[in-house]
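Just the heavy atoms: all of them, side chains too, but no hydrogens, waters or symmetry mates, feed the values below. In what follows, chains carry the letters A, B, and so on, assigned in the order in which the sequence lines appear, proteins first and then strands, with residues in each chain numbered from 1.
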Amino acid sequence: MLSRPQGRLAFAELRDWTGSVQLFAVASRTERFEELTRLSLGDWIGCTGEVVRTKRGELSVQVESWTLLAPTRHGFGDKWRGVHDVELRYRQREVDLWANEGVRDTFLMRSRVVAALRRRLDARGFVEVETPVLQPLAGGANARPFVTHFNALHSDFYLRVAPELYLKRLVVGGFERVYELGRDFRNEGLSPRHNPEFTMLEAYQAYADYEDMAGLVEELVAGTALELFGSTEVVFQGRRVDLAPPWRRATLEQVVEEVTGERCELGRGRDALAAVAGRLGVEVPPGSGAGRILYEIYERTTEHELLGPVLVTDYPVDVSPLVRAHRSKPGVVERMTPIVAGREIAEIYSELCDPDVQRSRLVAQAAAREAGDDEAMVVDEDFLRSLEHGMPPTGGIGLGVDRLVMLFADLPAIREVLLFPALRQDRRDGAGGGGEGADGTDA
RNA sequence: GCGCCUCUAGCUCAAUUGGCAGAGCAACGGACUCUUAAUCCGCAGGUUCUGGGUUCAAGUCCCAGGGGGCGCACCA
C-alpha cells in the first residue's frame, strides 16, 4: 500500500495481484487514523469499509477498521521509477515483482502459456508423464550433464539433459501419445539465451511422422498466441511475424543459399562445402563431413537472418543421431526446425525406430566421445533394448518453453522469463578475506 | 574460459582536466478535510563493490580480486 495523508483525511493505494483500489480515510470514522497515515510504502494491510466515490470521482473504500498484516522493513524501491538494477531484480525477484508491473505480467503470461500448451496436448489425446530427472546415463541430446552422487547406490548419476529416451520407451510400451513438460539441465555457459536449467516440452506420437508433428507445433504455437493475444501476429525485437499456419517449408540448402548466395547442395561434396565455409569465414571442426559443414554454415550465417516462421527441413544425418533417415533423399533425415524471428523454437523429428541403425549411430557418437567430444552421446543399452521390442513409426517434438515465452513477451533475455535465473554466488561483502582460516595464530 | 563495458545513500541517478561526495523518491519529525508520483517545512542518510598502488589530493588514474551486462566459445 501507498499512503497519501492529508491532515484529517488520508488516501492510500491498496494493491493485490488482481489490481489496486484507493482507500479513503476520514479521521472521525476510521479507527487508529493517526497510525494509518504513518504506514510505509510496502506495508501490508487488510481493511473493511463502505465503497464510496470521492469528490474527484474515484471509487474508493472508506476505511472503518483495518489490520496491519505485515510491516515492511526494507522498502520496495522508488515508488515512481521502480527497480531497474538487473542484479537486484534477479537476486531479489520478489522486490522486482512487487515494484514492476510489467514483470508481474510476464510471469502471469508464462503461466498461461504453460497451461495452454497442456490443454492443447490433452485435447489431442496426449498423456502427460514424468520420467527420471536423475539418470544413470545422460542421453537424448548432445550436451554436457551435471553430475551428482547417489549415496545409496554408490555411484554417480546425472541430471537429465533430455527426457527423450525414456519417453520413447513409453511409446514402445504402448503409450501412443505422451508428453513431458519439465526441466532439463545442461552444464554449459550462461548467456541471454541459455540458462543451465530450462523448461522443455517433449511430445511423441505413434503412427505419426515429422509432417504430422509439424502440424502439431504450428497448432500449439499459433493456437496459444491466438488464445492469449487474440492474434497470431507477434512482434519480436522490432520484427513482425505472423504465426498463422501453414508455415513455409524450405530445405537447409535452400535457406542457406537465400541468405548467403552460395550454392550448398550436400551432393557437391565435402571439399566444395569446405571452400564455401572458408569464403564465408565460418570455422569448421576438423574432420567434419559435408553435412556437418553445411550445418555450421547454416548456424553461423543463416539462422539468425530468417524472419519466419519457416520450417527448415532436410538436416544432414551426421548432426542428427536420433532421427530417421529421409524416406527418399539420401544423406538427410526427417527433421524440421521451426525458426521464428531468427530463433529456433522447437525440433521436429520422425524418430529413428530401427534398433540396428540406432545402435550404429550411438556407437559412432561414443567414438566421437572417445575422440574428445564430451558432448557426444553414449550407448544406452536400455534404450536400444526397448527399440528391439519394436517401436512403431513415431513423430516427436521438443519445444523450448522459455524461448516461446520470450517470443510472446518480446523479451531478448531468458533471465527475464525465469523467476530465479542462475547467478553466481554473491561474495562481494566477503572480499578482503584473510580473517578466518589457515593462519594458526590468534590472540 | 577469453574480450569489452559496468558497480556512488534503501531505490533511481548526478559529481568539469584528479580538488570539500550531491539531488529526487523512500525513511524519520512536523503542517494540511478530496488526493492520484499529493503538496509544503524540517531532519537524517555513504567502507563511492573489495584490497593494494600513484599523488599534496582518487568516486575519477594504475594493478589485482569480486558481482553484473554484452560479445566470443558451447548449446536449446
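The side-chain contact (heavy atoms from CB on, under 4.5 Å) check on A:Glu64 picks up A:Glu50, with sequence neighbours excluded. With sequence neighbours excluded, the residues forming a side-chain contact (heavy atoms from CB on, under 4.5 Å) with A:Thr313 are A:Arg249, A:Thr251, A:Met336, listed by chain and number. In this view, A:Arg240 and A:Glu233, A:Val235 satisfy the side-chain contact (heavy atoms from CB on, under 4.5 Å) rule, not counting sequence neighbours. In this structure, A:Glu202 has no salt bridge (charged side-chain N to carboxylate O under 4.0 Å, His left out) partners at least two apart in sequence or on a different chain. Remark: A:Arg124 engages A:Glu219 in a salt bridge (charged side-chain N to carboxylate O under 4.0 Å, His left out) (not counting sequence neighbours). Taking A:Ala364 as the reference, nothing meets the side-chain contact (heavy atoms from CB on, under 4.5 Å) condition, with sequence neighbours excluded.
Look at CH2 on A:Trp98: it is 15 Å from P on B:C11, rounded to the nearest Å. One atom, CD of A:Glu416, and another, P of B:C70, lie 9 Å apart when rounded to the nearest Å. Summarising the geometry, the separation between CD on A:Glu58 and P on B:A37 is reported as 10 Å, rounded to the nearest angstrom. In this structure, CZ of A:Arg8 is placed 8 Å from P of B:U33, rounded to the nearest angstrom. In this structure, the CZ atom of A:Arg144 is 11 Å from the P atom of B:C74, given to the nearest Å. In this entry the distance linking OH of A:Tyr349 with C1' of B:A76 reads 10 Å, nearest Å. Here the P atom of nucleotide B:U33 and the CG atom of A:Leu9 are 7 Å apart, to the nearest Å. Atom CG of A:Asp85 and atom C1' of B:C49 are 12 Å apart (whole Å).
Of the candidate nucleotides B:U36, B:C32, B:G71, B:G71 has the atom nearest to the side chain of A:Arg193. If you check B:U36, B:C34, B:U12 against the side chain of A:Lys55, the one that comes closest is B:C34. Looking at the side chain of A:Arg415, the nearest of the listed nucleotides B:G69, B:A76, B:C34 is B:G69. Side-chain proximity of A:Phe24 to B:C11, B:C34, B:G69: nearest is B:C34. Among the nucleotides B:C34, B:G68, B:C11, the one closest to any side-chain atom of A:Arg424 is B:G68. Distances from the side chain of A:Leu423 to the nucleotides B:A76, B:C34, B:G68 place B:G68 closest.
Taking a pair as Watson-Crick or G-U wobble with both distances under 3.5 Å, the runs of three or more consecutive pairs in RNA chain B are B:1-7 with B:66-72, B:10-13 with B:22-25, B:28-31 with B:39-42, B:49-53 with B:61-65.
Nucleic acid contact for A:Arg300: sugar-phosphate only, since backbone atoms but no base atoms lie under 4.0 Å from a heavy atom of the residue. Within 4.0 Å (heavy atoms only), A:Gly42 reaches no atom of the nucleic acid at all. If you check every strand for non-hydrogen atoms under 4.0 Å, A:Asp96 touches nothing. Within 4.0 Å (heavy atoms only), A:Pro5 reaches at least one base atom of the nucleic acid. In this structure, A:Gln6 reaches the bases: a heavy-atom distance under 4.0 Å links it to at least one base atom across the strands shown. Contacts of A:Ile345 with the nucleic acid, taken as non-hydrogen atoms under 4.0 Å apart, are absent.
Checking A:Glu347 against A:Val86, the closest nucleotide of RNA chain B that is more toward the 5' end is the one next to A:Val86. Each of A:Gln22 and A:Gly82 was matched to the nucleotide of RNA chain B holding its nearest heavy atom; the match closer to the 5' end belongs to A:Gly82.
Using modelled atom types, one side-chain atom of A:Ser350 and one backbone atom of A:Tyr210 make a donor-acceptor pair closer than 3.5 Å.
One P atom belongs to B:A44, the other to B:G24, and the distance between them is 14 Å to the nearest Å. Atom C1' of B:C32 sits at a distance of 11 Å from the matching atom of B:A38, rounded to the whole Å. Going from the P atom of B:G59 to that of B:U12 covers 22 Å, rounded to whole Å. Spacing between B:G46 and B:C62 at atom C1', rounded to whole Å, works out to 25 Å. Separation of the P atoms belonging to B:A9 and B:U48 is 10 Å when rounded to the nearest angstrom. For the P atoms, the distance linking B:G52 with B:A58 amounts to 14 Å, nearest Å. On the P atoms, B:G18 is 37 Å away from B:C41, given to the nearest whole Å. For the C1' atoms, the distance linking B:A64 with B:G22 amounts to 31 Å, nearest Å.
Ring geometry for A:Trp98 against A:Phe76 counts as parallel: the plane angle stays under 30°, on a 0 to 90° scale with 60° as the upper cut.
Shown here for A:Val310 and A:Ala250, the closest heavy-atom pair between the two residues is CG2-CB, 4.2 Å. Across A:Met213 and A:Gly396, no two heavy atoms sit closer than the pair CG-N, 3.6 Å.
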What N/O pairs connect the protein and nucleotides 24-27 of chain B at under 3.5 Å? Give each pair on its own line.
| from | atom 1 | to | atom 2 | distance (Å) |
| --- | --- | --- | --- | --- |
| B:G24 | N2 | A:Asp78 | OD2 | 2.8 |
| B:A26 | OP1 | A:Lys79 | NZ | 2.7 |
| B:A27 | OP1 | A:Leu41 | N | 3.4 |

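Side-chain contact, A:Ser60 with A:Thr54: no donor N or O sits under 3.5 Å from an acceptor N or O.
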In residues 31-39 of chain A, what donor-acceptor pairs under 3.5 Å come from side-chain atoms, sequence neighbours left out?
| from | atom 1 | to | atom 2 | distance (Å) |
| --- | --- | --- | --- | --- |
| A:Glu31 | OE2 | A:Trp66 | N | 3.1 |
| A:Arg32 | NH2 | A:Trp66 | O | 2.5 |
| A:Thr37 | OG1 | A:Glu34 | O | 2.7 |

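Both stacking criteria are satisfied for A:Phe198 over the base of B:A76: a centre-to-centre distance under 5.5 angstrom and an angle between ring planes under 30 degrees.
Contact annotation: A:Arg38 does not reach the phosphate of B:C28 (side-chain N/O to OP1 or OP2, under 4.0 Å).
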